[in-house]
Asker: 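What follows is a structure written as structure tokens; I'll ask about it next.
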Amino acid sequence: MKADSDLFEFLLRMGDNTLVLGHRVSEWCGHSPVLEEDIALANVALDLIGQTRMWLDFAGDVEGKGRDADALAFRRDVWDFRNILLVERPNGNFGDTLMRQFLFDAWYHAILSRLAGSSDDRIAAIAAKAVKEAAYHLERSADLVVRLGDGTTESHAKMQAALDDFWPYTGEMFAADTIDTSLTSRGVIPNLAEVRDEWDETVNRVLADATLEIPDGTYQHKGGKQGTHTEHLGHILTEMQFLQRAYPDASW
Amino acid sequence: MYAQVVEGSGKGAKATEDMTPEERAFQQKIDSGQKIEPKEWMPDGYRKTLIRQISQHAHSEVVGQLPEGNWITRAPTLERKAILLAKVQDEAGHGLYLYGAAETLGISRDEMYEQLHSGKAKYSSIFNYPTLNWADIGAIGWLVDGAAIMNQVALQRTSYGPYSRAMIRICKEESFHQRQGYDIMMKMCNGTEAQKAMAQDAMNRFWWPALMMFGPPDADSVHSAESMAWKIKINTNDELRQKFVDQTVPQAEYLGLTIPDENLAWNEEKGSYDFTDPDWDEFFQVISGNGPCNADRMRARVRAWDDGEWFRDGLSAYAEKHSAGNTNQGVENV
């Protein structure tokens with residue numbers, strides 16, 4: 001049977017998003033502004049890595065070449081990664097990290113809650129599990145964005161700068177290509193325009209509460225979903241894949 | 001241990017006849033195995049020593065995130081990465097319970113951080129050693145958490161209620177940490193030549209610092225008698241060190257690792273191993289700031305705290321603005 005390449009691509013997109021964002025979040029370990037945040041961020045990273053295993057194991061099964069989640073995570077090069085550019089952006093200050101997380105969580109939660117009704121049973125099962133974690137992540141990141149946006153002059157300025165920086169990386173989440181439209185027509189994934197509506201609603205409400213303004217610019221970067229990344233991803237992979245690349249015969 | 005050199009009052013344990021009636025009643029309570037709770041009377045020295053000990057322990061958990069965090073982004077499989085994240089998250093959680101336990105004695109977490117950042121408060125010497133290869137993560141779980149458990153299991157019976165309860169929770173998680181460390185070592189020792197070499201390298205570097213975790217020899221441990229009378233210390237440093245060596249040698253043999261001590265030998269007569277004392281000069285250098293990573297660890301913690309100031313201030317300002325009793329906003333809106 002011919003592998004379902006659209007499905008494989010979509011699963012890589014999901015799994016690479018959680019893998020790369022999980023990596024970024026885990027970089028904070030031991031360095032965050034308060035102990036409670038160290039705990040919360042480790043927890044978020046842990047959830048994301050756990051979800052990565054589900055998405056990428058499924059991707060490997062769909063591909064049918066005997067690759068599991070580890071083979072996909074640790075033995076692909078940059079151009080084979082399908083994550084959106086937003087998640088590979090550097091952590092910046094703690095506000096940058098929280099803003100990136102919020103913009104992602106609002107999308108991820110919206111798409112997962114629809115994927116739970118996917119025509120593909122395994123996607124539906126993964127999404128049903130992941131959406132609970134994503135709901136908690138969104139609640140937490142939204143809450144902190146509001147508090148910091150409406151905190152001091154300094155925290156407001158930092159959150160606004162973070163929003164301005166990341167805004168041009170949000171459009172890619174909803175930019176449907178032929179893979180997306182084909183899977184949507186098969187009922188495997190939702191219409192991304194619908195996901196966008198929910199995301200807009202969440203983001204507008206939270207940013208208003210946070211007294212932050214959505215930037216005017218309309219230009220949106222893209223390419224990650226198709227494998228054209230920023231310079232940052234190569235460095236992430238250099239670090240993440242070091243042991244598997246340096247000791248290819250080892251089992252860990 | 002996680003609290004290695006805890007200064008006491010410097011007076012040693014008091015003889016019963018030198019005690020005030022309050023002190024005598026307090027000591028009787030401890031001797032009969034009852035717990036001391038936060039609101040009860042306690043000698044000043046007991047309170048101060050406990051604050052030092054618990055905060056050292058808490059700081060160790062927090063600083064201890066750094067050497068392991070050093071490998072989270074390089075963990076070799078997704079499962080290992082998840083396990084390590086869960087472990088480091090547990091450690092931050094232990095820090096939280098312990099700061100909470102110390103706060104019941106009348107010191108704030110901010111004050112304790114201040115003491116850590118100024119160098120006044122110590123943390124375990126072990127975290128001033130670097131993690132240089134992946135097997136170090138295994139060695140930390142196996143040897144470092146293994147050594148910590150020796151002490152912490154005993155401390156579940158410590159006289160101060162909140163500390164004892166924190167230890168009970170912590171011990172449950174620590175045994176999982178030790179098992180995951182040994183599991184990494186098993187995998188490395190049954191792996192390729194390069195993996196075996198990493199495991200031996202980790203063993204060579206962590207053995208002596210692990211022995212130092214129990215603190216200086218009893219003869220040089222000036223504060224022990226008082227702490228033991230108060231049951232805030234249960235076993236002597238040397239007792240625990242011996243127990244650790246006796247437990248660890250067969251495990252190392254099973255792994256096929258060589259313990260870097262030529263004098264290590266079973267002593268039939270005493271029914272335990274003879275071993276070389278660690279280099280106590282090195283130990284005192286490390287706890288006084290000259291270990292391989294002291295400066296890096298402190299710089300990382302101080303930077304995290306300083307860089308986070310705007311974040312903490314932002315949250316406080318929001319809470320202030322939106323607290324029920326605050327009418328400023330209403331006035332501005334009129």
Side-chain angles (χ1 to χ4, degrees), chain A residues 19 22-43 45-50 52-53 56-57 68-70 73-74 93-95 98 144 146-159 236 239-244 246-247 249-252, chain B residues 58 61-82 84-93 95-96 99 109 113 133-134 184 187-188 190-192 194-195 198 300-301 303-305 307-322:
Chain A
L19 175 61
H23 180 98
R24 279 294 190 217
V25 172
S26 75
E27 290 173 355
W28 276 101
C29 179
H31 301 278
S32 72
V34 283
L35 196 48
E36 285 81 352
E37 289 302 316
D38 275 327
I39 296 172
L41 288 188
N43 193 48
L46 186 55
D47 288 344
L48 292 171
I49 297 303
T52 301
R53 293 170 72 187
L56 294 186
D57 270 334
D68 62 5
D70 283 333
F74 295 98
N93 65 41
F94 202 69
L98 287 172
L144 287 169
V146 169
R147 286 167 187 273
L148 294 168
D150 189 18
T152 59
T153 311
E154 186 185 7
S155 72
H156 176 86
K158 282 195 155 69
M159 296 314 282
I236 291 176
E239 192 173 346
M240 185 172 81
Q241 299 179 336
F242 159 67
L243 285 170
Q244 291 257 1
Y247 304 97
D249 303 331
S251 134
W252 306 94
Chain B
E61 298 281 1
V62 170
V63 177
Q65 295 180 91
L66 298 171
E68 292 185 297
N70 184 40
W71 278 91
I72 287 179
T73 54
R74 289 178 290 169
T77 67
L78 295 172
E79 185 182 17
R80 292 286 178 206
K81 195 189 287 281
L84 187 55
L85 273 165
K87 178 175 190 284
V88 177
Q89 185 189 15
D90 283 350
E91 274 147 15
L96 209 56
Y99 283 125
R109 208 203 300 179
Y113 279 152
N133 82 56
W134 171 250
I184 291 177
K187 201 82 183 175
M188 300 298 278
N190 290 315
T192 63
Q195 285 176 298
M198 287 181 213
R301 288 309 310 168
R303 185 180 296 155
W305 185 249
D307 289 354
E309 191 178 8
W310 72 269
F311 169 83
R312 297 187 301 273
D313 289 350
L315 295 187
S316 305
Y318 179 89
E320 176 91 353
K321 273 190 226 176
H322 295 269

Asker: If we define contacts as heavy-atom pairs under 4.5 Å, which of B:D90, B:D307, B:L96, B:L66 has the most with chain A?
Answerer: B:L96

Asker: Using heavy-atom distances under 4.5 Å, tell me whether A:L35 contacts chain B through its side chain, its backbone, both, or neither.
Answerer: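 Its backbone and side chain both get close to chain B.
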
Asker: What residue, out of A:W28, A:F74, A:Y247, has the most heavy-atom pairs lying under 4.5 Å from chain B?
Answerer: A:F74

Asker: In terms of heavy-atom pairs under 4.5 Å, which option from A:T152, A:I39, A:V34, A:I49 contacts chain B the most?
Answerer: A:I39

Asker: Tell me the closest heavy-atom pair linking B:Q89 and A:N43, and the distance in Å.
Answerer: NE2-CB, 3.1 Å

Asker: Which bit of A:I236 is near chain B, if near means a heavy-atom gap under 4.5 Å: side chain, backbone, both or neither?
Answerer: neither

Asker: For A:H31 versus B:A300, what's the shortest heavy-atom pair and its separation?
Answerer: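 Closest approach of A:H31 to B:A300, heavy atoms only: CE1-CB, 3.8 Å.
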
Asker: Tell me, for B:R303 versus chain A, whether the close heavy atoms (under 4.5 Å) come from the side chain, the backbone, both or neither.
Answerer: neither

Asker: Heavy-atom distances under 4.5 Å only: say whether B:A194 touches chain A with side chain, backbone, both or neither.
Answerer: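 The side chain, not the backbone.
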
Asker: Would you confirm whether A:R147, through its side chain, and B:A317, through its main-chain N or O, come within 3.5 Å as a donor-acceptor pair?
Answerer: no

Asker: Measure the spacing between NZ of B:K87 and CG of A:L46 and express it to the nearest 0.5 Å.
Answerer: 14.0 Å

Asker: For the side chain of B:R80 and the backbone of A:W252, is there at least one donor-acceptor N/O pair under 3.5 Å apart?
Answerer: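 A pair under 3.5 Å: yes.
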
Asker: Measure up the B:W71 and A:F242 rings against each other and bin them: parallel (under 30°), tilted (30 to 60°), perpendicular (over 60°).
Answerer: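 It falls in the tilted class, 30° to 60°.
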
Asker: Find the one option among A:Q244, A:H156, A:E239 whose heavy-atom pairs under 4.5 Å with chain B are most numerous.
Answerer: A:E239

Asker: Crowded around B:E309 CD? As in, over 12 foreign heavy atoms under 6.0 Å?
Answerer: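 Count not over threshold, so no.
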
Asker: Highest number of heavy-atom pairs under 4.5 Å with chain A: which of B:P76, B:G95, B:A304, B:S316?
Answerer: B:P76

Asker: For A:S32, which atoms come within 4.5 Å of any heavy atom of chain B: side chain, backbone, both, or neither?
Answerer: backbone

Asker: Return the option, out of B:A92, B:G308, B:G191, with the maximum number of heavy-atom pairs under 4.5 Å with chain A.
Answerer: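 Among B:A92, B:G308, B:G191, the one with the most close pairs to chain A is B:A92.
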
Asker: Hey, are the side chains of A:D150 and B:K321 touching, using non-hydrogen atoms and a 4.5 Å cut-off?
Answerer: yes

Asker: Among B:I72, B:V88, B:T73, who wins on heavy-atom pairs under 4.5 Å with chain A?
Answerer: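 Between B:I72, B:V88, B:T73, the count favours B:T73.
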
Asker: Relative to chain B, which segment of A:Q241 carries a heavy atom at a distance below 4.5 Å: side chain, backbone, both, or neither?
Answerer: neither

Asker: If I take atom CG from residue A:L144 and atom CG from residue B:L315, how far apart are they, to the nearest 0.5 angstrom?
Answerer: 6.0 Å

Asker: Quick one: pull up CG in A:D47 and CG in B:L85 and give me the separation to the nearest 0.5 Å.
Answerer: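 One gets 10.0 Å once the value is rounded to the nearest 0.5 Å.
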
Asker: Under a 4.5 Å heavy-atom cut-off, does chain B meet the side chain of A:N93, its backbone, both or neither?
Answerer: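 Contact with chain B is through the side chain of A:N93 alone.
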
Asker: Of the backbone (N, CA, C, O) and the side chain (C-beta and beyond), which part of A:L98 lies under 4.5 Å from a heavy atom of chain B, both, or neither?
Answerer: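 For A:L98, the contact with chain B is made by the side chain alone.
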
Asker: Mind listing the closest non-hydrogen atom pair of A:S155 and B:G314 along with its distance?
Answerer: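 Result for this residue pair: OG-CA, 3.8 Å.
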
Asker: Select one option (side chain, backbone, both, neither) describing which atoms of A:A73 are under 4.5 Å from chain B's heavy atoms.
Answerer: side chain

Asker: Do B:V62 and A:D38 have side chains that get closer than 4.5 Å, going by heavy atoms?
Answerer: no

Asker: Taking B:K81, B:E68, B:M188, B:E79 one by one, which has the highest count of heavy-atom pairs under 4.5 Å against chain A?
Answerer: B:E79

